[in-house]
Structures are given as structure tokens and as C-alpha cells.
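See structure below.
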Protein chains: 2
Amino acid sequence: MSASMMQERKSGPALARPPQTARPEVQPVLSFAPDETIFREGGEARWMYKLVDGLVRGCRFHADGRRQIEVFHKPGDVFGFEPGLEYGLSAEAVTACTVLRLARPDLARDPHAAVRLCGYAMRALAAAQAHARLLGRGSAGQRLAGFLLDLQAEPRQELMELPMTRQDIADYLGLTIETISRTLGQFVRQGMLHLVTARKLRILDREGLAALCG
Amino acid sequence: MSASMMQERKSGPALARPPQTARPEVQPVLSFAPDETIFREGGEARWMYKLVDGLVRGCRFHADGRRQIEVFHKPGDVFGFEPGLEYGLSAEAVTACTVLRLARPDLARDPHAAVRLCGYAMRALAAAQAHARLLGRGSAGQRLAGFLLDLQAEPRQELMELPMTRQDIADYLGLTIETISRTLGQFVRQGMLHLVTARKLRILDREGLAALCG
DNA sequence: CGAATGGTTGATTGTGATCAATTCCCGTGG
DNA sequence: CCACGGGAATTGATCACAATCAACCATTCG
């Protein structure tokens with residue numbers, strides 16, 4: 001029973017604002033507050049979502065109480081398409097989020113939509129494989145270094161903000177928050193990065209980090 | 001530098017038999033001997049493949065010499081489709097294999113093919129996520145139990161053969177061969193399975209194994 | 001200002017990696 | 001058919017790294 005369980009739903013006081021138009025079928029733009037659930041694993045997969053702004057985690061809750069984050073969705077990503085009838089993962093807002101709600105295309109009727117969907121699926125596949133690569137082996141340092149480099153896609157933007165908590169990172173990398181903290185500290189001591197605050201950091205030695213992950 | 005490096009290519013003495021017909025473009029059926037490479041990571045992704053018989057591993061080789069297996073393909077699986085121009089993974093025959101070589105569909109020209117491709121991609125995505133779930137966390141026992149249960153898709157066929165080596169399993173689960181061996185031994189001692197030979201086993205307590213993975 | 005949440009740090013333990021021998025298969029050739 | 005050889009697998013001893021348990025800081029928010 002890990003600290004992951006503490007990640008409680010805050011669904012009580014109506015955090016989900018209604019669509020920002022009177023005709024939801026025309027502008028299905030939704031907003032979600034941090035830690036709010038967009039959809040749940042096992043629920044009927046009626047909609048797909050396109051993330052406009054914010055960060056979303058795709059995760060799964062295990063019987064023993066631990067949580068596993070399988071993917072972080074960034075703006076532009078489409079998520080929630082499934083081979084079957086049910087969502088395979090829960091989707092939750094990490095930060096405040098704006099999403100577009102999309103109808104699942106009927107592939108038999110609209111084969112053209114399949115081309116787009118295909119692109120989404122392939123990109124999701126690449127991401128899932130990259131994640132598996134990260135987890136597959138290697139020390140905490142290798143995983144965390146890979147994670148940080150993946151996160152900073154655009155290179156020259158040297159100051160970067162971590163939108164997620166240590167617990168999120170830990171559940172994504174299959175480590176504990178203590179190990180995340182210590183490993184970050186180690187990177188700092190080695191002069192590879194600088195922690196401005198706990199959530200803002202500057203990568204000083206990109207090469208060095210890259211050398212770690214192999 | 002792990003024992004994975006010992007996994008040497010045996011590409012010297014022409015193991016790849018030619019297509020079994022005089023007109024390869026009509027019946028592109030290929031055979032591969034164990035450990036033979038079907039395609040290599042980084043190579044130009046000109047073809048897709050459908051596995052007819054045998055077992056294929058999709059893997060990646062790291063700079064430090066270790067190997068990571070990301071997926072095992074079973075008969076019926078289609079593999080080798082990519083979002084980009086290059087293969088993201090190497091594909092190697094684990095056992096003797098028969099594969100169909102397929103042309104990459106031109107999605108712009110043939111949107112109907114996109115529907116099929118979409119199905120393949122979604123199935124591959126599900127597999128990749130299942131793999132990430134397996135790796136994400138949990139003890140060696142949890143990983144191995146999950147692996148064995150996944151492997152035995154058809155339930156009542158109680159005697160099952162492991163087509164791959166311990167090294168393959170280790171590289172798939174992010175563990176070492178010693179740990180695989182010890183964990184299997186532990187399962188045997190707990191009466192959960194019986195090892196007829198190193199490669200043939202019988203699951204005695206399916207429930208127990210399932211209870212482990214969570 | 002005080003509570004709460006998130007993050008860091010320290011001490012200890014446990015699990016799996018590593019190093020090192022054997023043993024077991026299984027195919028091969030005498 | 002049996003002996004042999006070599007890769008695969010098991011087993012043992014030790015070590016290293018990350019999990020766990022437990023305080024302790026720092027920020028934010030009411």
C-alpha cells in the first residue's frame with residue numbers, strides 16, 4: 001500500500017465545468033481541474049479527446065493500491081481511442097486542462113478517418129515503446145535522465161518546468177519518490193542540472209545525461 | 001557488458017532460404033532460421049511482414065551491449081509497419097519461422113487499407129502497453145507470472161513449451177537469466193508449476209500465479 | 001499564523017545483479 | 001548406441017542499489 005493511494009479523487013465539489021457553449025455538440029470544448037478524471041479505465045469508450053492545453057496522465061490502478069502511469073499526453077495528442085469498447089486506461093488531468101471531445105469515427109463508413117486515426121495510433125505506439133524502453137532496464141539514473149530528456153523536446157529552451165509531482169514521475173518510471181528525489185540531487189551534485197525550485201530546473205549538461213541512458 | 005552480447009548473428013553461411021516460388025512478387029513467402037535477422041533497426045522500412053508460423057522477437061541493441069526485447073510476435077501478427085521511414089526495432093526469428101512479406105500500403109491512395117493497418121496498430125499498441133505494465137513495477141515474481149500467463153493464451157492446453165531461451169525472457173522482462181531461473185524454481189517449490197524440462201512446463205496453480213501479478 | 005501537501009534527507013533492509021562454478025540437455029560423430 | 005562437446009540452465013556466495021520506514025524542511029493556502 002504505497003503513497004500512490006493518497007492520490008484521491010477530488011470529484012466532490014463539482015470541479016468539472018460545463019462546456020463553454022450552450023450547444024455542446026457544436027463546440028465540445030471541456031475544461032478539467034488538476035487531478036480531475038476525464039475518463040476511467042473500463043468505462044465505455046464513447047469519445048476520443050484531443051488535448052489543447054495542459055498535461056494529462058494515462059494511468060491504471062492496481063489491486064494492491066499502487067498506481068502506474070503509462071503515458072503523459074501533451075498538447076496536440078489525441079487519446080482515448082481503443083481497439084475495443086472500453087477504455088484501457090484512466091485519463092486524469094495533471095494540470096488544468098482544455099480538451100476537445102471528438103466522436104469516434106465509424107471506420108466502416110468513413111475510411112478516410114482511418115488514415116488520421118492510424119497516425120494517432122502509430123504515434124501512441126511509438127510513445128508506448130519508448131516508455132517500455134525506459135522501464136526495461138537500467139538504473140534509476142538512466143530512467144530519470146531519459147525522462148528528463150524526453151520531456152525537454154525543444155532543445156534551446158533551457159529552463160524547464162516540471163508540471164507533475166514527484167509521485168507522478170515515480171509512478172511513470174516505476175520508482176519511488178525518495179529515489180527520484182535522491183537521483184535528482186545526485187545530478188545536481190554532479191553539475192548536470194540546477195534546481196531553481198522543486199518544479200523548475202535547468203539542464204546544464206545535456207551530453208552527460210544523454211550519455212547515461214545509452 | 002551482459003551475456004546478451006553472446007547473442008551473435010549467424011548470418012554467415014546463407015541461412016536465409018530463397019522464396020519458395022520462382023516468382024517472389026506473387027508469393028512472397030520467406031523462411032528464417034533461428035536467430036536470423038528479418039530486418040534491422042534503422043533500416044529502410046520497405047516491407048511489412050505477417051508471421052505465419054514460428055516466433056519472432058522485436059528488439060533493440062544498446063550502446064552498452066545489452067539487448068532489450070520489446071515484443072514477441074506470434075503467428076497472425078503483422079509487424080514492421082512504422083510511422084516513419086525506418087524500422088524502429090530489429091526483428092529476429094526466435095524459432096524457425098515462415099513469414100509473408102507485404103507491401104506497405106499507400107494510405108493516401110488506398111484509404112481502405114488504412115482500416116486494416118489501424119487494426120494492426122491498435123493491437124500493437126495494446127501489446128506495448130501490456131508490456132509496459134509488466135515492466136512498470138513489481139517484483140521478479142510478478143513479472144514472470146504475468147509473462148507466463150500471457151504466453152498461455154489458450155487456457156486448457158496445460159503443457160506448454162517455452163520457445164525462447166532464458167536470455168530472451170530476461171531481456172523481455174528486464175531481469176537476468178539467474179533471476180528467471182531462481183524465480184521459476186521458487187514457483188516450482190511453491191507447487192505452482194512443474195518443469196518437465198527446462199523448456200517444457202505445466203502450470204499447476206493458475207489462480208496463484210494470477211494472484212501474484214495483481 | 002497554522003495546517004496541509006509536497007519534497008528532501010537519513011538509517012536500514014531486502015531484492016535482484018554480479019561473479020563464479022557446476023550440471024543438464026541435446027545434437028553430433030564415432 | 002553411446003560418448004563427447006558445447007551451449008543453456010541451475011545453483012551458490014557476495015555485493016550494490018533502490019525500497020522502506022521515519023523524521024524533518026519548505027511552500028502554499030485557508
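Numbered from 1 within each chain, the chains take letters A, B, ... in sequence-line order.
In this model, a side-chain donor or acceptor of A:Arg182 finds a partner on the base of C:dG10 within 3.5 Å. Put simply, the side chain of A:Arg166 and the base of C:dT9 share no donor and acceptor less than 3.5 Å apart. Applying the 3.5 Å distance criterion, the base of D:dT11 shares no donor-acceptor pair with the side chain of B:Arg189.
Contacts of B:Ser139 with the nucleic acid, taken as non-hydrogen atoms under 4.0 Å apart, involve only primed sugar atoms and P, OP1 or OP2. Nucleic acid contact for B:Arg143: none, since no nucleic acid atom lies under 4.0 Å from a heavy atom of the residue. Here B:Gly138 lies out of heavy-atom contact (under 4.0 Å) with every strand. Within 4.0 Å of B:Gly174, counting heavy atoms only, lie sugar-phosphate atoms of the nucleic acid but no base atom.
Contact check, B:Ser181 against D:dA9: no side-chain N or O comes under 4.0 Å of OP1 or OP2. Close to D:dA19, at under 4.0 Å from its OP1 or OP2, lies a side-chain N or O of A:Thr176.
Spacing between atom CG of B:Leu195 and atom P of D:dA8 amounts to 18 Å, rounded to whole angstrom units. Atom P of nucleotide C:dT18 and atom CD1 of B:Ile180 are separated by 13 Å, given to the nearest angstrom. Between the CD1 atom of B:Ile169 and the C1' atom of D:dT10 there is a distance of 14 Å, given to the nearest Å. The distance between atom CD1 of A:Ile177 and atom C1' of D:dA23, rounded to the nearest whole Å, is 13 Å. The separation between B:Asp35 atom CG and D:dA8 atom C1' is 13 Å, rounded to whole Å. Taking atom CZ on B:Phe187 and atom P on D:dA9, their separation rounds to 17 Å, with Å as the unit. Taking atom CG on B:Asp168 and atom P on D:dA8, their separation rounds to 10 Å, with Å as the unit. The distance between atom CG of B:Leu173 and atom C1' of C:dG16, rounded to the nearest whole Å, is 13 Å.
A salt bridge between A:Arg60 and A:Asp171 is absent, with no side-chain N of the basic residue lying under 4.0 Å from a carboxylate O of the acidic one.
Side-chain atoms of B:Asp150 never come within 3.5 Å of backbone atoms of B:Phe147 as a donor-acceptor pair (strictly under, hydrogens ignored). Using modelled atom types, no side-chain atom of A:His62 and backbone atom of A:Gln68 make a donor-acceptor pair closer than 3.5 Å. No side-chain donor-acceptor contact under 3.5 Å links A:His131 to the backbone of A:Val71. With hydrogens and angles ignored, the 3.5 Å screen pairs a side-chain donor or acceptor of A:Arg104 with a backbone N or O of A:Glu82.
A parallel orientation is assigned to the rings of A:His73 and A:Phe79, their planes being inclined by less than 30° (bins at 30° and 60°).
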Apply side-chain hydrogen bond (donor to acceptor under 3.5 Å, both in side chains) to B:Gln152 and B:Arg206, showing your working. CA-CA 10 Å; B:Gln152 193 188 40; B:Arg206 208 180 170 73; 2.4 Å; yes
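Relative to the side chain of A:Ala140, the nucleotides D:dA18, D:dA9, C:dT9 differ in distance, and D:dA18 lies closest. Nearest to the side chain of A:Leu175, among C:dG16, D:dA18, D:dT10, sits D:dA18. Counting only heavy atoms from C-beta on, B:Thr179 has its side chain closest to C:dA17 among D:dA8, C:dA17, D:dA22.
When all heavy atoms are compared, the tightest approach of A:Ile69 to A:Tyr172 is O-CD1, 3.5 Å.
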Which parts of nucleotides 24-30 of chain D does protein reach within less than 4.0 Å, heavy atoms only, written one letter per nucleotide 5' to 3' as B for base, S for sugar-phosphate only and - for none? -------
